[in-house]
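Input: a single structure, listed below in structure tokens.
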Amino acid sequence: MKTLDPLAGPIAPGVLSKTEQELRTAFLEEIDRIPGGARLNQCIQCGTCTASCPVSHAMDVTPRQVIAMFRAGAIEELLESRTIWLCASCYHCTLRCPAQIHITDLIYALKRIAIEEGIFPARFPVHVMSETFTKNVKRYGRNYEVGLLLRYFLRTKPLGLFAQRRAGYALWRHGRIKLRPDKIKDIDQLRKIIAKAETFDLPQEKVTSEKVTAAVGYESIGR
Amino acid sequence: MDTRYTYYPGCSLHATGIAYDKSMRAVFKKLGSELAELEDWNCCGATAYMSVQKTVAFAVSARNLAIAERTGDDVVAPCSACYYALKHTRVGMEEDAELRAQVEEALAAGGLEADLSVEVRHPLEVLLNDIGIPRLVAEQTHSLEEFRPACYYGCQIVRPFGAVDEDPELPMSMETLFTALGARPVEYPPKVRCCGGMLVATMPQVATELSMDLVDWAIAREANCIVTVCPLCQSNLDLINVTKGSNGPTHQIPVLYFTQLIGLAIGCTPEEVGMEHALIPPDAKAPPVGVSSRHDAPVTIVGTREA
């Protein structure tokens with residue numbers, strides 16, 4: 001995390017820098033559209049999320065701190081943390097949160113803002129995986145594991161490929177590596193659907209209403 | 001044919017998870033249920049698409065639901081990430097009118113529409129509820145007595161939409177199923193812990209630590225195989241077997257799909273359930289019921305066992 005320069009940082013309690021304000025607006029719009037986003041206010045900082053998280057030990061900011069930092073107006077630091085890219089989407093925090101905050105979905109919202117704003121932790125290119133994945137889908141309609149990994153490693157850490165050679169060989173020897181990507185027949189249809197859906201995700205088209213979002217996608221399980 | 005399902009294999013089952021695909025088809029065929037592969041299905045978006053664009057992630061997934069509605073059969077998605085993505089799309093569209101309108105508009109751009117009439121299901125739940133344990137026991141031809149599986153459920157079929165069990169912290173359905181089929185599942189406390197998922201590529205040190213822990217637990221409990229329900233869990237755990245040196249496991253352990261074990265029990269050959277694709281083949285054998293492959297093992301007629 002960045003150390004705050006008292007001369008440059010938040011000017012006074014409650015006063016936010018311009019970037020911070022912009023990020024906050026973007027984030028508030030995002031959480032407005034995610035399941036149970038409004039419940040963020042209900043966080044009692046109990047730490048159940050951090051305790052349940054299988055990767056919290058490797059995070060620089062724990063899930064509990066994510067919410068605390070957001071409320072303290074430190075979104076830029078949050079986006080620069082490794083935490084949001086370490087989340088493996090196992091939903092254990094979401095399941096156990098006593099305030100029923102959908103933490104996994106919140107982290108997804110942070111990932112989307114980070115990608116949109118281009119703010120990432122230094123020398124930590126995990127976001128490239130998600131971007132490569134979506135490119136794969138647009139290109140073939142399906143995800144081609146070998147191509148995905150090759151492209152990811154070539155773009156981020158070419159030497160990482162060498163480290164994976166044993167795994168790659170074992171899988172290949174057991175007939176589990178496919179040498180050619182599958183392409184769907186009606187790729188044009190999928191691309192049209194994606195292009196249309198993208199218009200709803202573009203920043204300028206974001207909904208700015210101040211409505212309180214219901215638990216989208218979770219009513220069936222009573223959350 | 002008893003029943004018909006729309007089969008959504010997902011990208012992994014065409015490559016690293018090929019044994020899951022083979023065993024799914026073999027088991028459903030043996031039980032007389034038809035699995036019709038979804039026509040021209042596309043990637044579900046998994047966990048990665050949601051990190052980039054939200055509405056697109058839903059729309060990509062919804063195309064599959066829209067195509068599935070042509071036949072109207074329930075969609076069976078064996079991969080946990082596919083199950084979660086499709087289910088989340090269906091439930092999300094049902095509950096959020098705004099999202100639904102946007103996704104429907106996107107689908108319309110491709111000449112499709114979705115009325116959300118098909119259900120998204122996981123094969124474990126289908127085998128337990130539609131086929132049922134009594135039927136599986138009645139169909140059993142081979143004994144699973146030599147198998148001591150550690151039943152591993154992983155993340156996304158238990159959380160947040162419980163596919164099979166009431167209790168998301170301690171599911172027991174696989175244990176119940178395999179006990180009924182004569183296997184002796186071990187107690188396996190980390191059964192719903194995360195295997196690391198896609199971190200295996202992006203943060204290998206972290207993912208290996210998580211997977212290694214799961215393997216160590218199984219070895220400590222003297223399981224002779226780990227049974228999984230997800231292609232990513234399977235390959236993550238299976239790849240621990242080829243990790244060498246001081247970081248490696250104390251010994252290797254076969255990692256199987258639950259459908260492979262069920263397949264063996266109901267008389268599919270090891271080839272039919274894709275056993276050759278496991279990096280470590282199981283030592284345990286599934287001899288015909290009543291014929292013990294070991295002299296010291298008692299002979300049990302599993303067919304008479306109470307369900």
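The sequence lines fix the lettering, A, B, ..., with proteins before strands; numbering per chain opens at 1. Hydrogens, waters and symmetry mates play no part in the numbers below; they use all other heavy atoms, side chains included.
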Part of B/Thr89 within contact of chain A (heavy atom distance under 4.5 Å): neither
Engaged part of B/Ser12 at the chain A interface, taking heavy atoms whose separation is under 4.5 Å: both
Rounded distance (nearest 0.5 Å) linking atom OG1 of A/Thr199 with atom CD of B/Glu105: 6.5 Å
Parallel, tilted or perpendicular, as decided by the 30° and 60° cut-offs, for the rings of A/Tyr91 and B/Tyr84: tilted
Side chain / backbone / both / neither for A/Val137 at chain B, heavy atoms under 4.5 Å: side chain
A/Gln164 CD to B/Leu239 CG distance, which is reported to the nearest 0.5 Å: 8.5 Å
Residue pair A/His92 / B/Val192, side-chain heavy-atom distance below 4.5 Å: yes
Check against side chain to side chain contact (heavy atoms under 4.5 Å, CB included), B/Ile18 and A/Lys178: CA-CA 10 Å; B/Ile18 187 161; A/Lys178 203 169 181 168; over 6 Å; no
CZ (A/Arg180) with more than 12 external heavy atoms under 6.0 Å: no
Residues 187-194 of chain A: residues contacting chain B (heavy atom under 4.5 Å, by number): A/Gln189, A/Leu190, A/Lys192, A/Ile193, A/Ile194
Within 6.0 Å of CD in B/Glu113, more than 12 heavy atoms from elsewhere: no
Most chain B-contacting option - heavy-atom pairs closer than 4.5 Å, from A/Lys196, A/Arg173, A/His174: A/His174
Criterion side chain to side chain contact (heavy atoms under 4.5 Å, CB included) on B/Gln53 and A/Thr134, from CA distance to verdict: CA-CA 9 Å; B/Gln53 288 165 314; A/Thr134 55; 5.5 Å; no
Option that, when pairs with chain A are counted at under 4.5 Å, heavy atom only, ranks first among B/Gln205, B/Met203, B/Glu94: B/Met203
A/Lys183 portion near chain B, given a 4.5 angstrom heavy-atom threshold: neither
Atom group of B/Ala81 that falls short of 4.5 Å from chain A, counting heavy atoms: neither
Contact origin within A/Phe153 toward chain B - heavy atom pairs under 4.5 Å: side chain
Distance-minimising heavy-atom pair for A/Ala170 and B/Val242: CB-CG1, 3.8 Å
Lys/Arg-Asp/Glu bridge criterion (N-O < 4.0 Å) met for A/Arg176, B/Asp238: yes
Side-chain touch A/Asp186/B/Arg63, heavy atoms, less than 4.5 angstrom: yes
Within 6.0 Å of CD in B/Glu276, more than 12 heavy atoms from elsewhere: yes
B/Val56 versus chain A, the contacting section by heavy-atom distance below 4.5 Å: both
Among A/Cys90, A/Ala58, A/Ala114, residue most engaged with chain B (heavy-atom pairs, under 4.5 Å): A/Cys90
Test item: B/Trp41 and A/Arg142 side chains (from C-beta on) under 4.5 Å apart, heavy atoms: yes
Top of A/His57, A/Met129, A/Glu145 for chain B proximity - count of heavy-atom pairs under 4.5 angstrom: A/Glu145
4.5 Å side-chain heavy-atom contact, A/Ser89 and B/Met198: no
Contacting region of B/Leu210 [heavy-atom separation from chain A under 4.5 Å]: side chain
Donor-acceptor pair, side chain of B/Asn42 and main chain of A/Gly141, under 3.5 angstrom: no
B/Glu209 portion near chain A, given a 4.5 angstrom heavy-atom threshold: side chain
Spacing of A/Tyr108 atom OH and B/Thr47 atom OG1 [to the nearest 0.5 Å]: 4.5 Å
Closest non-hydrogen atom pair, A/Asn143 against B/Cys11: N-SG, 3.1 Å
For the student: nearest non-hydrogen atoms of B/Leu199 and A/Leu86, plus distance: CD1-O, 3.4 Å
Value rounded to 0.5 Å, distance of CZ in A/Phe133 from OG in B/Ser51: 9.5 Å
Between SG on residue B/Cys43 and CD1 on residue A/Ile184, distance to nearest 0.5 Å: 10.0 Å
Side-chain donor/acceptor of A/Lys157 to backbone N/O of B/Thr202, under 3.5 Å: yes
Options B/Ala201, B/Cys195, B/Gly10, B/Ala59, ranked by heavy-atom pairs under 4.5 Å with chain A, top entry: B/Ala201
